[in-house]
Chemist: 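Sharing a structure with you now.
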Protein chains: 2
Amino acid sequence: MDHRAQCWAQTSQFIAQVQDIGDEIGMPYIAAQADLADPNPMSDEAGVPYALSTFRWINPDSEYYRDRKLALSEPFLNACRLSAEPFYFRDGQFHMNRASHLLSSIDCSHIHESILSSEAIIVPVHQPRSMLGTIIWCAKDAVGVEDIFRHHAARLQYLAVQLISTHNEARGRPRNAPILQRLTRREAQCLRWAAAGKTDSEIGIILDLSISTVRFHLRNAASKLGATGRTQSIQLAAGLGFIGAV
Amino acid sequence: MDHRAQCWAQTSQFIAQVQDIGDEIGMPYIAAQADLADPNPMSDEAGVPYALSTFRWINPDSEYYRDRKLALSEPFLNACRLSAEPFYFRDGQFHMNRASHLLSSIDCSHIHESILSSEAIIVPVHQPRSMLGTIIWCAKDAVGVEDIFRHHAARLQYLAVQLISTHNEARGRPRNAPILQRLTRREAQCLRWAAAGKTDSEIGIILDLSISTVRFHLRNAASKLGATGRTQSIQLAAGLGFIGAV
DNA sequence: TTATATCCTGACATAGATGCCAGCTTGTTC
DNA sequence: GAACAAGCTGGCATCTATGTCAGGATATAA
């Protein structure tokens, strides 16, 4: 058995575990997406959505997984974009194990109309190369999600990360980079300011370099990253963590 | 007590937990960095590095945290860039709970010279907005990291994510976005191809649109993201998971 | 019907990025 | 001293992106 097939086999084991743990904790309705930017549902090797083959949903008749706005309700997705931690949904709000304002700005007022669930545990999965996925465990009625979350968040998160990582490796997407050359200090600095939208001449002023030098460093950085042009450099460097926070 | 102070207080609790669990599992030497792109060590509210105030290191005299190449040995960092899952280091190689080729291309031949540890558990923490952090638990001598990893990886990962998230919220970095407008299908498509380094006219050919239309969508996307210019749009969209995999 | 959102297209001028050429300094190693 | 790497700078021609103006098509919901 070659490696890809092995990854697919491992993936279906993780899929089963995800459903099992959902049944165990009383939140058996599950939505999963390895890449939120992908309009297609997350599917197995044969192209069958896991939502068909394994995962159950609150309303079994709805092809919820085809309309991602319904399944992975927009506020849930946006919350995933902003949080690295797992969190849960109850009483129309997001919560986690600590006091946080990260998710307080998200408008949840229309969730109940689109997702027929009162309580849910959401695990965002931020991945290399700027890929973002999520797994959501839902309950139909109130099951005391706060306690469930406190006891199982760590397991759920680790399982979610493993499933999505394995699934991605099986799909060969994102493509794994063969080499990783070291970026010099100057190259990283120029990239960071370029990502902030600065022009070459602005970067030159900021770092006290001439335009030519800024161009020199950006060119070298692009070549090390295997990128063609500034935008792709930014995309690759950001996805590998070379750029960092604003 | 205001929210930021609360986050700082919570952060030091997590810091203590990280050291405690390290002692408990027999891997008490710890290196942490919330943002790999930040040349400064991870520090508390007063600016004192956690490496000074709390964490221990194998050689207490070395100011290892000042030289990140030494502390967070280059191959460790590069492995973090490529993996969303926690993994461990033993016998000069990286391993995880499953068969994976993700980290096999990384050259580890010079690790023993720079990091005086034979075994380590590495938890990469991929965060929103393209920030990447890590926490590394090390042992001086062999302690059977394989079993430790199998039993504690989930706890370690959840703790690492919580610590780094709280620390970032305390620092107010990355800045939390107030609003998140929905990107339309076309806007997302144009962004994706722009991130791949395509020019407006190339995107037009790919999506069968005129250059004007491509420009129209990219302009709208930039305005929704609060970005000025194409490069910043890419950086923001990538960091929020709108672009996805190659 | 009237909004509203999404989507589509064109023209023009200016600023910026890119490809290509060349040369310079500084420090290290042999 | 010679050879080498890393960093730094300039000029020039061309392509690309951006700002600003204009117009219209289609569909869905109130």
Side-chain angles (χ1 to χ4, degrees), chain A residues 37 39 67-70 74 78 107 109-110 113-114 180-238 242-243, chain B residues 39 67 69 74 179-238 242-243:
Chain A
D67 178 9
R68 286 182 37 259
K69 264 174 293 182
L70 178 68
E74 203 81 34
N78 284 337
D107 175 28
S109 52
H110 296 96
E113 303 167 17
S114 56
L180 263 175
Q181 281 185 278
R182 203 176 131 59
L183 292 184
T184 68
R185 187 178 62 103
R186 284 306 208 187
E187 286 160 359
Q189 286 174 326
C190 290
L191 271 180
R192 244 165 261 156
W193 288 112
K198 305 295 181 192
T199 66
D200 291 348
S201 80
E202 287 172 324
I203 299 173
I205 294 170
I206 293 169
L207 298 178
D208 197 25
L209 296 173
S210 80
I211 299 187
S212 297
T213 311
V214 175
R215 290 186 51 205
F216 171 80
H217 289 305
L218 286 176
R219 218 181 317 139
N220 288 343
S223 127
K224 287 183 181 176
L225 292 164
T228 64
R230 155 178 306 232
T231 50
Q232 205 184 0
S233 298
I234 302 296
Q235 145 82 343
L236 290 173
F242 284 113
I243 293 192
Chain B
D67 177 8
K69 262 173 294 177
E74 204 81 33
I179 37 167
L180 262 176
Q181 282 185 277
R182 202 177 130 59
L183 291 185
T184 68
R185 186 179 61 104
R186 285 306 209 186
E187 287 160 358
Q189 287 175 325
C190 289
L191 270 181
R192 244 164 262 156
W193 288 112
K198 305 295 180 192
T199 67
D200 290 349
S201 80
E202 287 172 324
I203 300 173
I205 295 170
I206 293 169
L207 298 178
D208 196 25
L209 297 173
S210 79
I211 297 187
S212 296
T213 311
V214 175
R215 290 188 52 205
F216 171 79
H217 289 306
L218 285 176
R219 216 181 316 137
N220 287 343
S223 127
K224 287 182 181 175
L225 293 164
T228 64
R230 160 179 300 233
T231 51
Q232 206 184 359
S233 297
I234 302 297
Q235 146 81 341
L236 290 173
F242 284 113
I243 294 193

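Chain identifiers are assigned alphabetically (A, B, ...) following the order of the sequence lines, protein sequences preceding nucleic acid strands; residue numbering begins at 1 within each chain.
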Chemist: Could you tell me whether the phosphate oxygens of dC7(C), OP1 or OP2, come under 4.0 Å of any side-chain nitrogen or oxygen in T213(B)?
Modeler: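 For dC7(C), neither OP1 nor OP2 has a side-chain N or O of T213(B) closer than 4.0 Å.
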Chemist: Rounded to whole angstroms, how far apart are CZ on R230(A) and C1' on dT18(C)?
Modeler: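 Distance, rounded to whole Å: 10 Å.
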Chemist: Could you tell me the separation between the CZ atom of R185(A) and the P atom of dA5(D), rounded to a whole number of Å?
Modeler: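 Taking atom P of dA5(D) as the reference, CZ of R185(A) is at 21 Å.
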Chemist: For a quick check of understanding: with a heavy-atom distance under 4.0 Å over all strands, which category does L209(B) fall into, base, sugar-phosphate or nothing?
Modeler: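 Sugar-phosphate, backbone atoms only, no base.
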Chemist: dG7(D) phosphate, OP1 or OP2: any side-chain N/O from H217(A) under 4.0 angstrom?
Modeler: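 Checking dG7(D) against H217(A), no side-chain N or O comes under 4.0 Å of OP1 or OP2.
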Chemist: Please state whether the phosphate of dG11(D), meaning OP1 or OP2, lies under 4.0 angstrom from any side-chain nitrogen or oxygen of S212(A).
Modeler: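 S212(A) to dG11(D) OP1/OP2: no side-chain N or O under 4.0 Å.
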Chemist: Less than 3.5 Å apart, any donor N or O on the side chain of Q189(B) or R192(B) sitting next to an acceptor on the other?
Modeler: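 Result is no, nothing qualifies.
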Chemist: What's the CG-C1' distance between L218(A) and dG19(C), to the nearest Å?
Modeler: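 Atom-to-atom, L218(A) to dG19(C), this comes out as 14 Å.
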Chemist: Distance check needed: dT18(C) P versus K198(B) NZ, whole Å only.
Modeler: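 Going from NZ in K198(B) over to P in dT18(C) covers 15 Å.
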Chemist: If you look at every heavy atom in A37(A) and P39(A), which pair is closest and at what distance?
Modeler: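 Taking every non-hydrogen atom into account, O-CD, 3.4 Å.
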Chemist: Should R186(A) be listed as having a side-chain N or O under 4.0 Å from OP1 or OP2 of dG7(D)?
Modeler: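 R186(A) to dG7(D) OP1/OP2: no side-chain N or O under 4.0 Å.
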Chemist: I203(B) CD1 to dT9(C) C1': how many Å, rounded?
Modeler: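 Atom CD1 in I203(B) sits about 17 Å away from atom C1' in dT9(C).
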Chemist: Nearest to the side chain of S210(B), which nucleotide is it out of dG10(C), dC8(C), dG7(D)?
Modeler: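 Of all the options, the side chain of S210(B) is nearest to dG10(C).
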Chemist: Classify the nucleic acid contact of I211(A) as base, sugar-phosphate or nothing, counting any heavy atom under 4.0 Å across all strands shown.
Modeler: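 Here I211(A) touches no strand at all.
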Chemist: May I ask you to test the L207(B)-V214(B) pair for a side-chain heavy-atom distance under 4.5 Å?
Modeler: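 L207(B) does not reach V214(B) side chain to side chain.
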Chemist: Ignoring hydrogens, what is the shortest heavy-atom contact between A237(A) and L225(A)? Give both atom names and the distance.
Modeler: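 That closest heavy-atom pairing would be CB-CD1, 3.9 Å.
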Chemist: To the nearest Å, give me how far apart CZ (F216(A)) and P (dC21(C)) are.
Modeler: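 Roughly 15 Å, once rounded to whole Å.
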Chemist: What is the separation between atom CG on D200(A) and atom C1' on dT16(D), rounded to the nearest whole Å?
Modeler: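 Spelled out: CG on D200(A) to C1' on dT16(D) is 13 Å.
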Chemist: Taking five pairs at each end of the helix from dT1(C)-dA30(D) to dC30(C)-dG1(D), what angle separates the two helix axes (nearest 10°)?
Modeler: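 The helix from dT1(C)-dA30(D) to dC30(C)-dG1(D) shows an end-to-end axis angle of 50°.
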Chemist: Any side-chain to backbone donor/acceptor pair from S233(A) onto A227(A)? Under 3.5 Å, distance only.
Modeler: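 Answer holds: no.
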Chemist: Among dT9(D), dA11(C), dT9(C), which is the nearest nucleotide to the side chain of R215(B)?
Modeler: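 Selected nucleotide (nearest to the side chain): dA11(C).
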Chemist: Could you tell me whether the phosphate oxygens of dC7(C), OP1 or OP2, come under 4.0 Å of any side-chain nitrogen or oxygen in T184(B)?
Modeler: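 It does, given that an N or O in the side chain of T184(B) lies less than 4.0 Å from OP1 or OP2 of dC7(C).
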Chemist: Are L209(A) and H217(A) side-chain neighbours, meaning at least one heavy-atom pair lies under 4.5 Å?
Modeler: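 Yes. Closest side-chain heavy atoms under 4.5 Å.
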Chemist: Round to the nearest Å and state the distance from D208(A) atom CG to dG7(D) atom P.
Modeler: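 Distance check: D208(A) CG to dG7(D) P gives 17 Å.
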Chemist: Might you point out which heavy atoms bring R182(B) and K224(B) nearest each other, and give the distance in Å?
Modeler: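 So the minimum-distance heavy-atom pair works out to O-NZ, 2.9 Å.
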